[in-house]
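Comments concern the structure below.
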2 protein chains.
Amino acid sequence: MTERPLRADARGNQERLLSVAAVAFARDGTQTSLKAVAKEAGVGVGTLYRHFPTREALVEAVYEHEVTVLCDAAAELLRALGPADALRGWMERFVDFMAAKHGMADLLRPVLLSEADRLHTRARLRAAIATLLDAGAAAGVIRPGVDANDVLMALGGVTMIAGEEGQRALATRLIDLLLHGVRAPGLTS
Amino acid sequence: MTERPLRADARGNQERLLSVAAVAFARDGTQTSLKAVAKEAGVGVGTLYRHFPTREALVEAVYEHEVTVLCDAAAELLRALGPADALRGWMERFVDFMAAKHGMADLLRPVLLSEADRLHTRARLRAAIATLLDAGAAAGVIRPGVDANDVLMALGGVTMIAGEEGQRALATRLIDLLLHGVRAPGLTS
DNA sequence: GTGGTAAACGGACGCGGGTCCGGTTATGCT
DNA sequence: AGCATAACCGGACCCGCGTCCGTTTACCAC
């Protein structure tokens, strides 16, 4: 995002877009009109698209810090809980985070599958999951060799189908299924 | 869909919309312009929306027969394979079907979560999965009590994240995860 | 056959997505 | 300080979505 220093005017426009978008997303959800965001930020819509080529790029930038907090939670959970409970807790936080940002689930696919991963969102989420999987495998409760990227994609799928408010019970059950899927053989509930 | 007999003109319009849409979806994917579909069918766009209130309603109607074929495949697979392999095979067919219809994955959420389920698409898919799960439970290879709706939603999630052409390897791995999730305890590969 | 009317129609309309081009401005060099 | 120009700008534009209202038509009762 900062591979070349922006001119002063561009930097100001970008920051204004981010802060206006954060308020608009919180108020109206991530599907809010980008024309209205541009207008409220005092820039043309072409400027918005220049800085953030897609809606998901804008959303990803707006929520970058909160994704960092979520990723950091993996190590914290491991200090407080056993690895299987930490993994469950982290997954629930992931889905809750998405549900709390209205319309976020719709944007997940491009974010998780983008080639560029400009803000390293996918890489960071995957690393958090890998931390949890590694601890679980070391403790003998998670199958060794489970691919963290596969788990991230599966969790993304769960979120895409069950990541809206009001779907928490379904999300929990699908997380259960996923946890069964990564569990070491021979374990029973 | 036929809760009240349509007037002759309306029935003709609906049939023409379905056949034009089937060709347009096959050629351009399910995100093709509905305005163009209406125009090619010789009807106004308001007419299209009257018959099919949403894009997914049109898609669901166009592919109704193929969904039936997919649902019928569950019993066929059970006659040819053991229950675990039949379940895997059926899931792979589901994802392949979605991948073959460009843009289908984007429409899955409303179809699977709609309250109305007017064409019983969700109910029929769920019944197919229940058939496979029941056979697996009876054979001792699937955990008893796994909810067919949960499995359908999980498979929907897999399809939403990995249901495009070129993603078959990822889809297969996610299906593996899901199958591990429903497997009876104590079984190893 | 005729008349009434509910069913059904077409397309204009407002809206927002995303593009693109003529105009503006910040920056670096002399 | 002045100049050149690449970076950056705003908003007009085309497009399609989804809505809605005046018009048309099929159907039913007499």
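Numbers restart at 1 for each chain; the letters A, B, ... are given by sequence-line order, proteins then strands. These numbers come from the heavy atoms of this one structure, side chains and all, not from hydrogens, waters or symmetry mates. Bear in mind that the values here come from a model prediction, so they are computed numbers and not experimental data.
- Between Asp106(A) and Glu56(A), every side-chain heavy-atom pair lies at or beyond the 4.5 Å cut-off.
- Atom CD of Gln14(A) and atom C1' of dA7(D) are 14 Å apart (whole Å).
- One atom, CG of Leu107(A), and another, P of dG17(C), lie 12 Å apart when rounded to the nearest Å.
- Thr32(A) comes within 4.0 angstrom of sugar-phosphate atoms only, judged by non-hydrogen atoms across all strands, and of no base.
- Using a 4.5 Å cut-off between side-chain heavy atoms of Ile, Leu, Val, Met, Phe, Trp and Tyr, with links allowed through other members, Leu81(A) and Leu155(A) fall into the same hydrophobic cluster.
- For CZ of Arg143(A), the number of neighbouring non-hydrogen atoms (other residues, nucleotides, ligands) closer than 6.0 Å is greater than 12.
- In this structure, Leu48(B) atom CG and dG16(D) atom P are separated by 14 Å, rounded to whole Å.
- Taking the six-membered ring where the residue is Trp, Tyr63(B) and Phe97(B) present perpendicular rings, their angle passing 60° and hence far from 30°.
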Output a table of nitrogen or oxygen pairs between the protein and nucleotides 11-14 of chain D separated by less than 3.5 Å.
{"from": "dG11(D)", "atom 1": "O6", "to": "Gly46(A)", "atom 2": "N", "distance (Å)": "2.9"}
{"from": "dC13(D)", "atom 1": "N4", "to": "Lys35(A)", "atom 2": "NZ", "distance (Å)": "3.4"}

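- For the pair Arg55(B) CZ and dG18(D) P, the computed distance is 7 Å after rounding to whole Å.
- Residue Ser33(B) places none of its side-chain N or O atoms closer than 4.0 Å to OP1 or OP2 of dC15(D).
- Atom CD in Gln31(B) sits about 16 Å away from atom P in dG17(C), given to the nearest Å.
- Between Asn13(B) and the phosphate of dA8(C), there is no side-chain N or O to OP1/OP2 separation shorter than 4.0 Å.
- In this structure, Arg168(A) and Glu92(A) have side chains that are in contact, with non-hydrogen atoms separated by less than 4.5 Å.
- Tyr49(B) has its OH atom 18 Å from the C1' atom of dC21(D), to the nearest Å.
- Cluster membership for Phe52(B) and Val111(B), using ILVMFWY side-chain heavy atoms within less than 4.5 angstrom, is not shared.
- Phe52(A) has its CZ atom 16 Å from the P atom of dG17(C), to the nearest Å.
- Applying the 4.0 Å criterion to OP1 and OP2 of dC8(D), one finds that His51(A) has every side-chain N and O outside that range.
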Protein and nucleotides 27-30 of chain C: nitrogen or oxygen contacts under 3.5 angstrom:
{"from": "dT27(C)", "atom 1": "OP1", "to": "Ala8(A)", "atom 2": "N", "distance (Å)": "3.1"}

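- The salt bridge (Lys or Arg N to Asp or Glu O under 4.0 Å) test with Lys101(A) is passed by exactly one of Glu164(A), Glu66(A), Glu165(A): Glu66(A).
- In this structure, the side chains of Leu132(A) and Pro83(A) stay at 4.5 Å or more apart for every pair of heavy atoms.
- Between the CG atom of Leu58(A) and the P atom of dG17(C) there is a distance of 11 Å, rounded to whole Å.
- Between Glu64(B) and His120(B), the closest side-chain pair of non-hydrogen atoms is not below 4.5 Å.
- Within 4.0 Å (heavy atoms only), Gly42(B) reaches sugar-phosphate atoms of the nucleic acid but no base atom.
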